[in-house]
Structures are given as structure tokens and as C-alpha cells.
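Right, one structure below, let's go through it.
Positions are given from 1 along the sequence. Counting convention: from 1, in listed order, for ligands and their atoms alike.
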Amino acid sequence: MADAYVALEGDRVIEARARAPGTTRGEVVFTTAYTGYEESLTDPSYEEQILTFSYPLIGNYGVREERFEDDRVHPRGVVARELTDDVAEWLESEGVPAVDHLDTRDIVTEIRDEGAMKCGIAAGPDVTEQDALDELHQCKHMSDHVDIGAQVSVEAVETYNEDGDGATVALVDCGAKGSIMSSLVERDAVVHVFPYDASEDDIAEVDPDLLFISNGPGDPQNFGQAGELVETYVGEVPLAGICLGQQVVANALGGETEKMEFGHRGVNQPVRDLRTNQVVMTTQNHGYTVADPGDKLDVTQVNVNDDTPEGLENDELGIITRQYHPEANPGPHDSLGFFDDVLAMAEE
Ligand SMILES: NC(=O)CC[C@H](N)C(=O)O
């Protein structure tokens with residue numbers, strides 16, 4: 001007998017098995033990644049979402065903190081065909097409801113056809129279908145989480161590698177994955193991590209060689225202060241951005257973003273560089289995209305599957321952004337050179 005229910009927009013309810021108890025809600029999305037569940041589950045960009053794994057068995061190589069991208073689990077709920085005990089126990093200890101033993105192909109197909117949608121989950125011995133529906137009916141659209149930055153950003157400035165010999169980077173933390181910081185530190189950058197709503201004066205205090213806007217959850221329109229920093233600093237210092245960072249930079253410089261049908265989430269998204277014609281495999285997790293880059297940014301890389309912009313650049317102003325995750329955790333590592341490129345730009 002079912003002891004968990006997943007309710008999808010339109011009030012369809014799917015029976016499942018409870019693996020971590022509780023009730024929860026969020027926009028349900030899917031990732032096709034067949035590895036990297038620890039990285040995905042600790043990626044702050046999944047805040048306020050319910051993550052469905054299309055790969056059927058999740059947890060087969062355990063749970064190790066050294067692979068975490070942050071100090072907590074970010075999706076509000078987890079759905080898989082089969083979760084191992086390790087992962088189920090981890091999610092339970094984090095208070096994140098999780099369910100398995102349901103047809104995830106069905107959910108993924110529905111999201112692919114209808115788009116990312118609201119979802120409610122109820123899991124545990126005493127729950128009812130109505131509990132899942134009640135959660136669903138309270139679920140908000142991602143764009144309506146207007147202060148989502150506050151849920152994922154540092155509260156005060158943190159500095160890494162203070163004595164480094166490399167460029168000084170002001171990283172605006174809109175929900176940064178830990179491996180963005182470590183990718184910069186490994187290249188000897190001094191990294192000052194600022195809250196998502198840092199002011200121009202806060203940033204000026206460290207006199208940065210590079211302003212870097214991180215990845216983060218939800219709608220880039222909800223990161224207006226980061227956009228103002230871009231407007232202030234463009235042309236003064238080089239700019240870099242990853243994922244939400246690309247979207248914020250584009251919006252600030254006259255471009256436009258929009259929500260995608262169901263986004264890109266996985267570890268084998270092919271990206272073509274229009275200058276070299278080379279294709280790299282990339283890690284991705286986004287539901288919004290740059291619909292119009294504006295007239296200051298050139299599209300230099302595109303997604304091979306749907307032609308959406310994956311890289312934006314302006315050589316004169318010193319801007320390089322990527323829609324995918326070049327820090328590439330869990331991998332593949334094809335795109336790590338991004339960090340060398342942006343730091344070279346900062347040191348010029
Ligand atoms: N990983 C990210 O930075 C995601 C960016 C944005 N929240 C989106 O969904 O498109």
C-alpha cells in the first residue's frame with residue numbers, strides 16, 4: 001500500500017513509497033544526470049524546487065560530504081525510481097521529504113510535454129492524497145519567490161585565499177556552488193564572497209580585478225541589486241557570470257530573459273563554440289534562459305540541442321559568461337578552461 005503521494009498541477013495524484021517523511025511543495029523539474037546526485041542535491045540553484053531523477057537508481061556510491069556543493073540539501077523534495085538507504089537516510093536527517101517506487105518516466109514525460117509545474121508531496125505512514133493536494137494548492141511559481149536570494153546567499157562577506165598571488169575577485173553570491181570558489185582559489189585568486197544584495201560601496205572596498213556573478217535559484221529578475229552592480233561596474237572592471245550570473249548580466253546590459261519550457265538539467269548537454277566550432281559536454285541546471293542578449297553581448301556559444309545561448313562575451317568591455325556550469329561538478333571537465341580565461345582577463 002502507498003504511504004506517499006505526489007500531486008501534480010491539474011490535481012493528478014501519483015502513489016509512491018515514502019523514503020524520507022514529511023509534506024512539501026515546489027516546482028517539479030527533472031535532471032537526466034546519471035551521476036552527481038550529491039552535487040545536485042546540495043546545489044543552491046535547486047532551492048524551492050522538487051528534483052526528479054530520470055536515472056532509475058540514485059545512491060549507488062554512497063554519500064560523502066567532500067562532494068557537497070553547500071552545507072545543506074536545497075531541493076524541497078526528491079523523487080526517484082529507487083533511492084538507496086544511504087541517500088534516504090541523509091535526506092531524512094536533513095528534513096527533506098523523498099519518495100520512490102513510482103514511474104519517474106511518466107513524470108519526466110509529463111514535464112517534457114507540459115513544462116515544469118507545481119507539485120505537492122506527502123510522505124509517511126499517516127498521510128493522505130489530500131495532504132499532497134493541499135501542498136500543491138499552496139505552491140508558488142518560481143518567479144514569485146521574489147526574495148529567494150536571501151535564502152541561499154552568505155550574510156556577510158567571506159574571504160578565501162587572502163594571501164593569494166592572483167587576481168582579486170568580488171564574487172556576488174546569489175547561491176554559489178562551492179566548486180566555483182574552489183575553482184578560483186585553485187588558480188590562486190583572492191576571492192571575496194559578497195551577499196547577493198551587496199552595494200557598490202561594499203564591492204569598492206576590495207578594489208576587485210573581476211566582478212563575478214554566481215549561479216543561483218529562480219528568476220534572474222529577482223536579483224535586481226546584482227544587476228545594478230553590473231551596470232555600475234561594466235567597462236570599469238571585467239565581468240564574469242555563471243548560469244544565473246549570465247542571465248543577470250544580460251538583463252543588466254539591455255538583454256532579456258524568459259522561462260524555458262522545462263529547462264536543461266543534466267551532465268551531458270552539448271555546447272558548440274561558434275568561434276572554434278568545437279563541441280564540449282557540459283553540466284547544466286537552469287530553467288530560465290537569455291531570450292535576447294541585447295546589443296552589448298555577442299552569443300559565442302550555443303546549446304546544440306535547441307540553439308539557446310550558452311556563452312555571451314564582449315572582448316572590448318571584458319565580459320565572459322556561461323549558461324552552463326564550467327566548474328563542472330560532478331563533471332565532465334571539458335569546460336574548466338573558463339576559469340583560466342576569466343582570470344587572464346582580470347589580470348590583463
Ligand atoms: N544554476 C543556475 O544558476 C540556475 C539559474 C536560474 N535560477 C535558472 O533556473 O535558470
Is K296 atom NZ crowded by more than 12 heavy atoms from other residues, nucleotides or ligands, each under 6.0 Å away?
-> no
Would you tell me whether H137 and E135 have side-chain atoms, one donor and one acceptor, within less than 3.5 Å of each other?
-> no
Side chains of H141 and D219: is there a donor and an acceptor less than 3.5 Å apart?
-> no
So how far is it from R105 CZ to R112 CZ, rounded to the nearest 0.5 Å?
-> 12.5 Å
Amino acids in close contact with ligand 1, where any non-hydrogen atom sits under 4.0 angstrom away | S45, N215, G216, P217, G218, C243, L244, Q247, N285, H286, G287, Y288, H325
The ring pair (Phe, Tyr, Trp, His ring centres under 6.0 Å) partners of Y37 (sequence neighbours excluded) come to Y61
R322 with D273: basic N within carboxylate O range, under 4.0 Å = no
